[in-house]
Amino acid sequence: MTGSAAVDRKSAATIASTHLAQPVRMGRPYHHAIAPPMLDLKTVTEDLDGVRAALGRRGPGAIASLDRIDALAAQRRDQIARSEALRAERNDASKAMASLDKKGPEFAERRDALKRLGNEIKALEDSLGQVLGELEELVMALPNLPDPSVPDGAGEDDNVVLRTWGDKPAFDFEPRDHVDLGTALGILDFERGAKITGSRFTVLRGAGARLERALMSFMLDMHTTEHGYEEMWPPALVNANSLRGTGQLPKFEDDLFHVGRQYDEADDSEHVRLYLSPTAEVQITNYHADEILEPGSLPRRYTAYTPCFRSEAGNYGKDTRGLIRQHQFDKVEMVCLCAPEEGVAQLELLTGHAEAILQRLGLHYRAVQLCTADLGFSSHKTYDLEVWLPGQDKYREISSCSWFGDFQARRARLRYRAEVGAKPRLVHTLNGSGLAIGRTLVAILEQYQQADGSIRVPEALRPYVGGLERVTP
RNA sequence: GGAGGAGUGGCCGAGUGGUUGAAGGCAGCGGUUUUGAAAACCGCCGAACCCGUGAGGGUUCCAGGGGUUCGAAUCCCCUCUCCUCCUCCA
């Protein structure tokens with residue numbers, strides 16, 4: 001994705017830091033250059049076996065590049081050292097030039113010698129640029145290390161159910177799914193959604209639209225007034241840098257919709273290329289990117305409603321019926337930035353905030369811990385909340401709450417000072433859906449359906465729908 | 001979309017090719033003084049990477065990228081952002 005050509009004329013230290021630790025991001029959000037790796041290169045090289053063991057739990061693919069990375073890291077160190085030594089030499093000699101007679105023979109002689117030195121440095125740094133380019137590509141593609149508490153597994157069947165809340169609603173009739181219910185009630189229009197846009201797009205109508213809007217307000221209100229979150233309303237489009245920060249790029253470009261142009265090699269110009277954000281995690285987590293947060297400002301909790309856009313590449317034929325898997329859906333997201341010591345506890349807290357929404361709505365669900373095979377690329381540890389859908393006779397994911405450790409913070413340069421004057425440290429990031437609104441609507445339709453096809457409105461939601469108690473045709 | 005202007009350290013702001021990571025000021029931190037506070041004075045006060053057990057040494061960063069040059073914050077090109085005017089528009 002990124003060209004080593006873009007950096008190979010820079011100095012060794014600049015290249016090194018740009019690639020591997022401190023991508024300067026502010027003020028150039030559309031630039032095609034490079035974010036740092038998610039795993040600290042030092043960690044990888046100093047504890048290669050430990051990293052191999054931990055990453056290997058995700059499967060063999062996760063560790064395939066480790067030996068190559070190790071070799072490249074050694075080259076990197078060597079070439080940086082040589083390049084910097086040459087630069088030091090040139091700096092000294094160059095300073096002396098200032099006091100020489102510019103017309104004299106000695107000046108000309110030294111200038112020619114320095115020109116040769118300059119070419120040598122350039123060649124060395126071109127080579128270093130290639131090493132760093134490959135290294136960065138490989139390291140950026142390494143997923144996060146799973147937390148020791150994450151169970152081993154080969155697939156979602158190995159996720160561990162932690163607890164269930166509530167009971168499956170008892171029906172004295174055959175429960176229908178939300179597609180039948182919503183279509184009959186005239187509140188979900190799948191056909192016209194497909195007509196005006198395409199498959200996996202739906203029009204909500206009447207009480208359906210109202211419920212969607214009500215759920216958004218209800219969730220935001222709970223998080224802001226009861227759970228201590230600050231509300232945000234971010235842009236729906238994001239740049240590539242932000243997506244690298246949270247880990248969607250470079251590996252998962254195919255999952256994203258994008259607009260605009262990008263780098264044009266023909267004239268070395270760059271143009272705007274933006275992506276439709278797949279989750280507010282991107283906007284909100286990157287909100288403080290490249291900043292050093294003041295002492296005492298953690299933990300920070302933000303919540304935001306956003307539309308989310310996913311191409312669902314590779315999911316052809318999966319969940320084609322109904323609202324479950326749309327190209328565009330609505331979600332209220334929670335994000336937490338905290339000190340490293342607090343990460344574990346914050347995950348429990350944040351998951352509880354998502355659960356509180358389900359409980360207030362009276363929706364039966366269960367909490368599961370994802371196993372190594374199901375753990376997301378950036379995640380260190382994840383709990384999913386799965387709501388009961390009688391129409392499918394299944395539990396389906398409605399929230400995913402993750403602790404990322406410093407993985408995202410390293411990519412996005414999210415740092416803080418524990419106290420005034422202290423060295424900056426990477427924060428820990430967490431986020432969770434609180435909740436996916438469309439799936440919440442699905443759960444309400446299916447769990448609250450009545451024999452006559454009408455839907456009882458959960459009491460907590462009634463103030464948001466003008467006191468409406470029941471949705472009828 | 002058209003025409004101009006601008007982008008320097010937490011903030012303001014010097015600096016148009018050579019001991020400038022960058023004057024000066026503000027803010028912040030430490031100290032002197034004070035019953036305490038303020039004021040005054042003194043000192044400290046960015047980040048990252050490489051080498052080193054350490055002390056310490058080195059390299060880089062003036063929106064971002066590329067180029068010219070022995071040498072670039074300073075010159076050239078591209079991109080981004082902000083401001084002003086015009087145009088358009090929810």
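Note that this is a predicted model, so its numbers are computed, not measured. First the proteins, then the strands, lettered A, B, ... as listed; each starts at 1.
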Does the side chain to side chain contact (heavy atoms under 4.5 Å, CB included) test come out yes or no for A:Thr45 and A:Arg77, once each step is laid out? CA-CA 11 Å; A:Thr45 54; A:Arg77 261 194 305 276; 4.2 Å; yes

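Taking atom C1' in both B:rG65 and B:rG7, the straight-line distance is 15 Å, to the nearest Å. Across the P atoms, B:rC83 and B:rG13 are found 16 Å apart, a figure rounded to whole Å. Here the separation of B:rC49 from B:rC12, taken at their P atoms, is 27 Å to the nearest Å. Spacing between B:rG18 and B:rU74 at atom C1', rounded to whole Å, works out to 11 Å. Straight-line distance between the P atoms of B:rG21 and B:rC78: roughly 29 Å, to the nearest whole Å. Atom name C1', nucleotides B:rG9 and B:rA63: the rounded distance is 14 Å, in whole Å. Spacing between B:rG64 and B:rC82 at atom C1', rounded to whole Å, works out to 15 Å. Nucleotides B:rC29 and B:rC77 place their C1' atoms 44 Å apart, quoted to the nearest Å.
Among the atoms of the strands shown, only primed sugar atoms or phosphate atoms (P, OP1, OP2) are found under 4.0 Å from some heavy atom of A:Arg90. Heavy atoms of A:Arg82 sit nowhere under 4.0 angstrom from any nucleic acid atom. Contacts of A:Lys95 with the nucleic acid, taken as non-hydrogen atoms under 4.0 Å apart, are absent. Backbone-only contact: A:Arg415 has heavy atoms under 4.0 Å from sugar-phosphate atoms and none from a base.
Rounding to whole angstrom units, CG of residue A:Leu135 and C1' of B:rC50 are separated by 15 Å. Per the geometry, CD belonging to A:Glu84 stands 16 Å off P belonging to B:rA48, to the nearest Å. The CG atom of A:Asn239 sits 18 Å away from the P atom of B:rU79 (whole-angstrom rounding). Taking atom CD on A:Glu291 and atom P on B:rG10, their separation rounds to 12 Å, with Å as the unit. Summarising the geometry, the separation between CG on A:Asn119 and C1' on B:rU69 is reported as 12 Å, rounded to the nearest angstrom. The separation between A:Leu132 atom CG and B:rC50 atom C1' is 12 Å, rounded to whole Å. We find that CD of A:Glu125 is positioned 11 Å from P of B:rG66, with the value rounded to whole Å. Rounded to an integer number of Å, the gap from CZ of A:Arg410 to P of B:rA48 is 12 Å.
In terms of heavy-atom proximity, A:Gln283 sits nearest to A:Ala236 at NE2-CA, 3.9 Å. When all heavy atoms of A:Gly434 and A:Met334 are compared, the pair lying nearest together is CA-CE, 4.0 Å. Of all heavy-atom pairs spanning A:Leu445 and A:Ile455, the tightest one is O-CD1, 3.4 Å.
Checking the phosphate oxygens (OP1, OP2) of B:rG71, no side-chain nitrogen or oxygen of A:Arg110 falls inside 4.0 Å.
Among B:rC50, B:rA48, B:rU59, the nucleotide with an atom closest to any side-chain atom of A:Lys423 is B:rA48. Nearest nucleotide to the side chain of A:Arg111, out of B:rA47, B:rG58, B:rC70: B:rC70. Set against B:rG58, B:rG46, B:rC70, the side chain of A:Arg417 has B:rG46 as its closest nucleotide. Among the nucleotides B:rU59, B:rA48, B:rU68, the one closest to any side-chain atom of A:Pro424 is B:rA48. Closest to the side chain of A:Lys122, out of B:rU68, B:rG71, B:rG18, is B:rU68. Of the candidates B:rC50, B:rC70, B:rA47, the closest approach to any side-chain atom of A:Met97 belongs to B:rC70. Nearest nucleotide to the A:Ala88 side chain, out of B:rC49, B:rC70, B:rU59: B:rU59. With B:rC70, B:rA47, B:rG58 as the choices, the nucleotide that has an atom nearest any side-chain atom of A:Leu114 turns out to be B:rC70. Counting only heavy atoms from C-beta on, A:Ile292 has its side chain closest to B:rA47 among B:rG58, B:rC51, B:rA47.
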Under a cut-off of 3.5 Å for both distances of each Watson-Crick or G-U pair, what dot-bracket string does RNA chain B give, using [ ] for crossing pairs and | for inter-strand pairs? ((((((((.[[[..)..(.....]]].(((((.......))))).((((((....)))))).[[[[[..)....]]]]])))))))....

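Along RNA chain B, the nucleotide closest to A:Gly118 and the one closest to A:Asp92 are compared, and the more 5′ of them pairs with A:Asp92. Two residues, A:Asn91 and A:Arg77, neighbour RNA chain B, and the one matched to the more 5' nucleotide by heavy-atom proximity is A:Arg77.
The aromatic rings of A:Phe201 and A:His327 lie tilted to each other, with the angle between the two planes from 30° to 60°.
The residue from A:Leu414, A:Val427, A:Thr429 that alone fulfils the side-chain contact (heavy atoms from CB on, under 4.5 Å) condition with A:His288 is A:Leu414. The only member of A:Leu256, A:Leu274, A:Leu243, A:Asn286 that meets side-chain contact (heavy atoms from CB on, under 4.5 Å) when paired with A:Val238 is A:Leu243. A side-chain contact (heavy atoms from CB on, under 4.5 Å) with A:Asn431 is found for one member of A:Thr246, A:Thr279, A:Val335 and no other, namely A:Val335.
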Pair up each side-chain donor or acceptor in residues 202-220 of chain A with any protein partner under 3.5 Å, not counting sequence neighbours, and list the distances.
unit_1: A:Thr202; atom_1: OG1; unit_2: A:Gln326; atom_2: OE1; d: 2.8
unit_1: A:Thr202; atom_1: OG1; unit_2: A:Gln326; atom_2: NE2; d: 3.4

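By the 4.5 Å heavy-atom criterion applied to side chains, A:Ser311 and A:Asp254 are not counted as neighbours.
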